[in-house]
Colleague: 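Starting off with a structure, shown below.
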Amino acid sequence: MQARYQPAEIERQAQSHWQAHKAFRAVEQSDKPKYYCLSMFPYPSGKLHMGHVRNYTIGDVLTRFYRMKGYNVLQPMGWDAFGLPAENAAMANNVPPAKWTYDNIAYMKKQLQSLGFAIDWQREFATCKPDYYRWNQWLFLRMLEKGLAYKKAGVVNWDPVDQTVLANEQVIDGRGWRTGAPVEKREIPMYYLKITAYADELLEALEQLPGWPERVKTMQANWIGKSEGVEIAFPYADDHAQSLKVFTTRADTLMGATYCAVAAEHPLATRSAKNNQQLATFIEECKRGAVMEAELASQEKKGMATGLFVIHPLSGEKLPVWVANYVLMGYGEGAVMAVPAHDQRDFEFATQYRLPIKCVIKPVGASLKQPLTGAYVEHGISFDSGEFSGLNFQQAVDAIAAALNKKRLGRKRVQYRLRDWGISRQRYWGTPIPIIHCAYCGDVPVPDEQLPVVLPENLVPDGTGNPLAKTPSFYDCLCPKCNKKAKRETDTMDTFVDSSWYYIRYACPDQKRAMVDERVRYWLQVDQYIGGIEHAILHLLYSRFWTKVMRDLGLVKLDEPFTNLLTQGMVLNEIFFRKSANGRITYYNPADVEISMDDKGQRTCAKLKADGLPVESGGMGTMSKSRNNGVDPQALIEEYGADTARLFVMFASPPEQTLEWSDTGVEGAARFLRRLWNYGVEFENGAITAGLQLQKATRFEIHSVLKQANYDMAKHQFNTVASAAMKILNALDRMRGVKDDVAKEGLSILLRLLYPITPHISHQLWRELGYGEDILDAPWPAVDEAALEQDEIELVLQVNGKLRGNMRVPREAAREAIEKMALTHPSVQKYVNGQPIKKVVVVPGRLVNVVV
RNA sequence: GCCGGGAUGGCGGAAUCGGUAGACGCACGGGACUCAAAAUCCCGCGGCCGCAAGGUCAUGCGAGUUCGACUCUCGCUCCCGGCACCA
């Protein structure tokens with residue numbers, strides 16, 4: 001056995017051992033329960049970042065843990081290989097996205113392997129290969145047949161200089177990222193997937209996902225945004241046959257409506273603008289603005305009267321119609337009834353434009369203080385509302401809906417916030433949409449036997465439009481129906497399509513003739529899915545939808561794709577920067593900054609190593625290129641080894657929380673592994689047997705810690721599992737030089753506890769110390785309850801809830817006896833000090849609280 | 001703006017059902033070993049008062065419930081994630 005811990009050597013040996021034994025190949029077998037553990041596959045951006053290391057270490061810990069627990073485990077890996085960054089890199093380096101992507105995959109695969117993950121590499125695939133994306137195309141065609149895919153106009157960001165569609169990310173402060181030209185909105189035809197057809201099921205089924213974090217389920221539920229309300233028609237004042245439809249969840253406030261507001265894109269706005277130049281200009285201005293909701297919702301409220309009026313459906317009052325930039329065309333009817341007294345946005349708008357405010361709802365058993373300083377938005381009691389006065393929220397909604405129904409001017413209905421999924425992208429590096437445009441036959445689906453529509457891999461985008469649209473060899477084709485010359489669709493699919501079902505394909509990646517086969521039934525659902533919290537809504541919702549579509553097409557027998565979900569937190573690092581006189585900010589990598597401390601360990605200053613001058617700290621932020629605060633995992637692995645990297649990311653914080661990078665924390669992890677190795681060496685050379693007292697205390701300590709670790713492991717709280725391992729080593733360290741059954745048992749527990757986190761060192765010590773050939777299939781250690789038995793337990797003594805001392809009592813002591821002992825205890829008597837005792841609270845096994 | 005989450009010593013974090021706040025680690029201080037340094041080992045380590053015993057304050061801020069609150073309720077502040085074409 002090596003005297004010193006040499007991670008590079010140990011890790012090389014362990015990894016070649018696993019490779020030689022094909023240790024991680026997953027085969028369908030029925031004598032064990034299966035466990036499919038999946039981490040979100042990476043985008044091949046170039047090299048691994050710390051988020052990957054964290055994500056895949058969590059997955060690997062669970063995979064190895066479940067294997068020890070007797071499960072038949074599968075942990076696959078692949079590449080989310082289509083996407084925008086490949087096109088950007090292609091432009092920058094004048095190299096096709098395909099080459100860039102494949103090179104990145106090769107490099108990142110090596111990195112993943114050097115981290116020692118227990119991955120079944122036989123199942124690896126990349127989504128940019130026709131073998132995979134042909135099934136995107138195939139399923140799209142099935143959805144088209146079912147009416148689940150359809151074409152309609154959609155709005156995109158248009159760069160008028162580059163003549164190209166921009167992603168939201170490429171729009172910076174309303175301008176194109178390359179040209180700086182103000183971005184315009186443009187309507188173009190696009191394909192949509194009808195996710196709204198599944199809105200109710202996607203919402204209802206959240207209740208059947210006990211293994212999902214509550215916060216993710218809440219976010220999805222809010223995103224789907226089911227609301228029950230009333231659709232109300234306001235007849236036009238100049239034409240009673242026509243009406244303006246609005247949707248509201250607050251029909252109880254209808255009698256307080258003082259105007260209506262429509263979105264800039266609403267037909268009524270367009271109509272009024274025809275002979276109103278000022279209004280037309282205003283509408284143009286609104287339309288030019290942001291596409292992104294975050295921007296729309298935070299912009300200053302603006303509006304303009306249309307000059308049109310509608311009739312209040314119950315009171316018959318004439319109400320003005322305004323165009324307002326806070327009304328979204330994409331939700332409900334694109335029009336709202338405005339009740340300034342009881343809606344904050346309406347209140348602000350009405351105040352700004354001096355529109356009337358009419359109060360109709362007051363708190364229960366109180367009156368409403370007027371004039372209002374803000375909207376009263378609570379559910380209350382109606383007043384000044386004619387026949388509806390005195391009703392509560394539900395009564396008022398019901399009565400008003402009934403009254404509207406009678407006049408045929410309204411009805412109750414359900415509204416969702418969720419919109420259909422637009423999948424068309426005017427970009428090259430994605431799955432071609434399998435449609436052919438024929439001048440005679442219209443849009444014709446590509447016949448199944450002509451799939452896949454293969455994406456050429458040799459194009460280089462230049463930033464002006466989609467290269468596919470400039471490549472006749474791609475788009476020239478014949479119409480499958482009439483055989484005349486036709487043009488292939490050049491839009492590609494959103495990359496979320498690729499990631500919506502890859503977890504199914506891992507079960508059968510080599511299946512050439514079908515999207516899925518019978519192996520899918522064995523492996524799916526995914527038992528544990530792990531990925532960043534940033535995917536809580538879109539990716540996870542699309543995947544759930546896609547699974548349900550596949551189910552309804554008879555392809556899989558799954559209602560939901562992921563049984564358990566773990567959403568890992570982001571990886572942060574400190575941000576250092578300098579601001580120059582003209583306000584320009586330069587960021588410096590933390591690795592290039594030297595921190596000075598005073599003798600209390602508090603920071604005194606931070607200086608750049610290069611010039612010794614101070615830099616400012618911007619606090620902690622997510623690791624990003626733009627802020628230059630990333631840490632390269634490669635350098636870390638080379639300096640300390642994979643086990644140290646893995647231990648650090650597991651130990652630094654619980655998996656769901658953000659993780660703050662710390663160089664000294666990494667050194668701490670490395671130090672622990674050195675100590676472990678040194679202990680292994682000393683144990684091997686040990687000769688003596690510990691005394692009975694020490695043996696008993698050590699076993700008690702180790703088994704208590706193990707019990708806690710089992711609990712933490714079940715909770716996926718790996719940071720405390722790592723500290724359990726440290727506690728066990730501390731306990732073993734107290735009997736250094738000892739080689740007896742207790743030390744032997746303790747070390748075997750320690751190695752197995754640590755193995756999922758730091759597999760290489762555990763593997764090596766397990767073999768070197770003669771525990772067995774391979775720790776891979778060793779059983780997870782079991783707690784010996786007998787080691788935990790104690791004759792006496794310690795109770796805490798409190799007086800009025802304040803800690804005043806403690807006492808030891810026999811394990812089986814009766815409540816009365818404990819009370820008596822507590823009351824006569826000197827530290828209790830001192831504080832009771834003769835005062836009358838009101839009550840004594842005894843919490844068995846924990847404490848006694850005397851209340852005076 | 002809307003939706004979701006977070007805040008505990010100098011730092012990362014722990015505290016299972018409301019029951020000893022600060023486990024484990026880092027940083028720092030003192031000591032041992034060493035010609036010296038690194039590595040390693042031992043001791044200390046929330047603030048304030050105190051020689052000590054001990055006391056007292058303390059889990060972002062402000063209220064409340066309770067014998068007892070990091071934990072539950074209400075109201076704030078700041079930070080982070082998402083907002084439908086980044087993945």
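Predicted model only: the values in this text are computed from it and were never measured. No hydrogens, no waters, no symmetry mates; every other heavy atom, side chains included, goes into these values. Per chain, numbering begins at 1; letters A, B, ... match sequence-line order.
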Colleague: Taking the P atom of each, how far is B/G13 from B/G60, in whole Å?
Modeller: 13 Å
Colleague: Classify A/Asn168 by what it touches in the nucleic acid, base, sugar-phosphate, or nothing, heavy-atom distance under 4.0 Å.
Modeller: sugar-phosphate
Colleague: So what does A/Glu660 touch, heavy atoms closer than 4.0 Å: a base, only the sugar-phosphate, or nothing?
Modeller: sugar-phosphate
Colleague: Under 6.0 Å between ring centres, would you say that holds for A/Tyr542 and A/Trp421?
Modeller: yes
Colleague: What is the distance, to the nearest angstrom, from the CG atom on A/Leu659 to the P atom on B/C79?
Modeller: 22 Å
Colleague: For A/Leu84, report the nucleic acid contact type (base, sugar-phosphate, nothing); a contact means any heavy atom under 4.0 Å.
Modeller: sugar-phosphate
Colleague: In whole angstrom, give me the gap between the C1' atoms of B/G18 and B/C70.
Modeller: 11 Å
Colleague: For a quick check of understanding: with a heavy-atom distance under 4.0 Å over all strands, which category does A/Gln798 fall into, base, sugar-phosphate or nothing?
Modeller: base
Colleague: Between A/Ala652 and A/Gln170, which is nearer to the 5' end of RNA chain B once each is assigned its nearest nucleotide?
Modeller: A/Ala652
Colleague: Which nucleotide in the list B/C85, B/A84, B/G25 gets nearest to the side chain of A/Trp223?
Modeller: B/A84
Colleague: Side-chain N or O of A/Arg425 less than 4.0 angstrom from OP1 or OP2 on B/C85?
Modeller: yes
Colleague: Less than 4.0 angstrom between a side-chain N/O of A/Arg675 and OP1 or OP2 of B/A39, yes or no?
Modeller: no
Colleague: Counting only side-chain N and O atoms of A/Arg427, is one of them less than 4.0 Å from OP1 or OP2 of B/C85?
Modeller: no
Colleague: Taking atom C1' in both B/G6 and B/G12, what distance in whole Å separates the two?
Modeller: 15 Å
Colleague: Report yes or no: is the cationic atom of A/Lys802 (NZ for Lys, CZ for Arg) closer than 6.0 Å to the six-membered ring centre of A/Tyr831, at no more than 45° off its axis?
Modeller: no
Colleague: Mind checking who B/C24 pairs with, Watson-Crick or G-U wobble, both distances under 3.5 Å?
Modeller: B/G12
Colleague: On the nucleotide B/C86, are OP1 or OP2 found under 4.0 Å from the side-chain N or O atoms that A/Asn88 carries?
Modeller: no
Colleague: Taking the six-membered ring for Trp, is the centroid-to-centroid distance between A/Tyr132 and A/Trp79 below 6.0 Å?
Modeller: no
Colleague: Heavy atoms only, 4.0 Å cut-off, all strands: where does A/His539 land among base, sugar-phosphate and nothing?
Modeller: nothing
Colleague: Using a cut-off of strictly less than 4.0 Å, decide whether A/Gln717 has a side-chain nitrogen or oxygen near OP1 or OP2 of B/A15.
Modeller: yes
Colleague: Let's go through A/Glu819 and A/Val842 carefully: what are the C-alpha distance in whole Å and the side-chain angles of both, what is the deciding distance for side chain to side chain contact (heavy atoms under 4.5 Å, CB included) to 0.1 Å, and is it a yes or a no?
Modeller: CA-CA 7 Å; A/Glu819 248 181 65; A/Val842 178; 3.9 Å; yes
Colleague: So does A/Lys715 get a side-chain nitrogen or oxygen closer than 4.0 Å to the phosphate oxygens (OP1/OP2) of B/A15?
Modeller: yes
Colleague: When rounded to the nearest Å, what value does the distance between C1' atoms of B/A58 and B/G46 take?
Modeller: 8 Å
Colleague: Between B/A15 and B/A21, how far apart are the two C1' atoms, rounded to whole Å?
Modeller: 7 Å
Colleague: Paired with B/G18: which nucleotide, if any, by Watson-Crick or G-U wobble criteria at under 3.5 Å for both distances?
Modeller: none
Colleague: Please report the distance separating the P of B/G47 from the corresponding atom of B/A63, rounded so that it comes out in whole Å.
Modeller: 26 Å
Colleague: Need one value for A/Arg215: base, sugar-phosphate or nothing, where a base atom within 4.0 Å counts as base even if backbone is also close, heavy atoms only.
Modeller: sugar-phosphate
Colleague: Mind checking the P distance from B/A69 to B/C57? Whole angstroms is fine.
Modeller: 12 Å
Colleague: Verify the contact: side-chain N or O of A/Lys802 to OP1 or OP2 of B/C57, cut-off strictly under 4.0 Å; return yes or no.
Modeller: yes
Colleague: Between A/Phe718 and A/Phe651, does the ring centroid distance fall short of 6.0 Å?
Modeller: no
Colleague: Would you indicate which nucleotide in B/A23, B/A87, B/C86 comes nearest to any side-chain atom of A/Phe496?
Modeller: B/A87
Colleague: If the glycosidic angle is within 90 degrees of 0 it's syn, otherwise anti, so just tell me which one B/C17 is.
Modeller: syn
Colleague: Can you check whether A/Thr495 has a side-chain N or O nearer than 4.0 Å to OP1 or OP2 of B/A87?
Modeller: yes
Colleague: Between B/A14, B/G81, B/C3, which nucleotide gets closest to the side-chain atoms of A/Thr622?
Modeller: B/G81
Colleague: Is the cationic atom of A/Arg417 (NZ for Lys, CZ for Arg) positioned less than 6.0 Å from the six-membered ring centroid of A/Trp223 and within 45 degrees of its normal?
Modeller: yes
Colleague: Choosing from B/A84, B/A87, B/U20, which nucleotide comes nearest the side chain of A/Tyr43?
Modeller: B/A87
Colleague: Below the 4.0 Å mark, does B/C67 have OP1 or OP2 next to a side-chain nitrogen or oxygen of A/Lys839?
Modeller: yes
Colleague: For B/G9 and B/A23, measure between their P atoms and round to the nearest Å.
Modeller: 13 Å
Colleague: Within less than 4.0 Å of OP1 or OP2 of B/C2, is there a side-chain N or O belonging to A/Asn222?
Modeller: no
Colleague: Could you check which nucleotide pairs with B/G1 in any of the strands shown, counting Watson-Crick or G-U wobble with both distances under 3.5 Å?
Modeller: B/C83
Colleague: Under 4.0 angstrom, heavy atoms only, what part of the nucleic acid is A/Leu541 near: base, sugar-phosphate, or nothing?
Modeller: nothing
Colleague: Assign A/Thr218 to base, sugar-phosphate, or nothing according to its heavy-atom contacts below 4.0 angstrom with the strands shown.
Modeller: sugar-phosphate
Colleague: Expressed as a whole number of angstroms, how long is the span from A/Met620:CE to B/C79:C1'?
Modeller: 13 Å
Colleague: Is A/Val171 touching bases, backbone alone, or none of the nucleic acid, heavy atoms closer than 4.0 Å?
Modeller: nothing
Colleague: Determine if the base of B/G9 is syn or anti; take syn to mean the glycosidic torsion is within 90° of 0.
Modeller: syn
Colleague: In whole angstrom, what separates A/Leu803's CG from B/U56's P?
Modeller: 11 Å
Colleague: How would you label the contact of A/Trp421 with the nucleic acid (heavy atoms, under 4.0 Å): base, sugar-phosphate, or nothing?
Modeller: nothing
Colleague: Considering just the side-chain nitrogens and oxygens of A/Arg417, establish if one lies under 4.0 Å of OP1 or OP2 belonging to B/C3.
Modeller: no
Colleague: Just N and O in the side chain of A/Arg734: are any of them under 4.0 Å from OP1 or OP2 of B/C41?
Modeller: no
Colleague: Sort out the partner of B/C74 for me: Watson-Crick or G-U wobble, both distances under 3.5 Å, none otherwise.
Modeller: B/G62
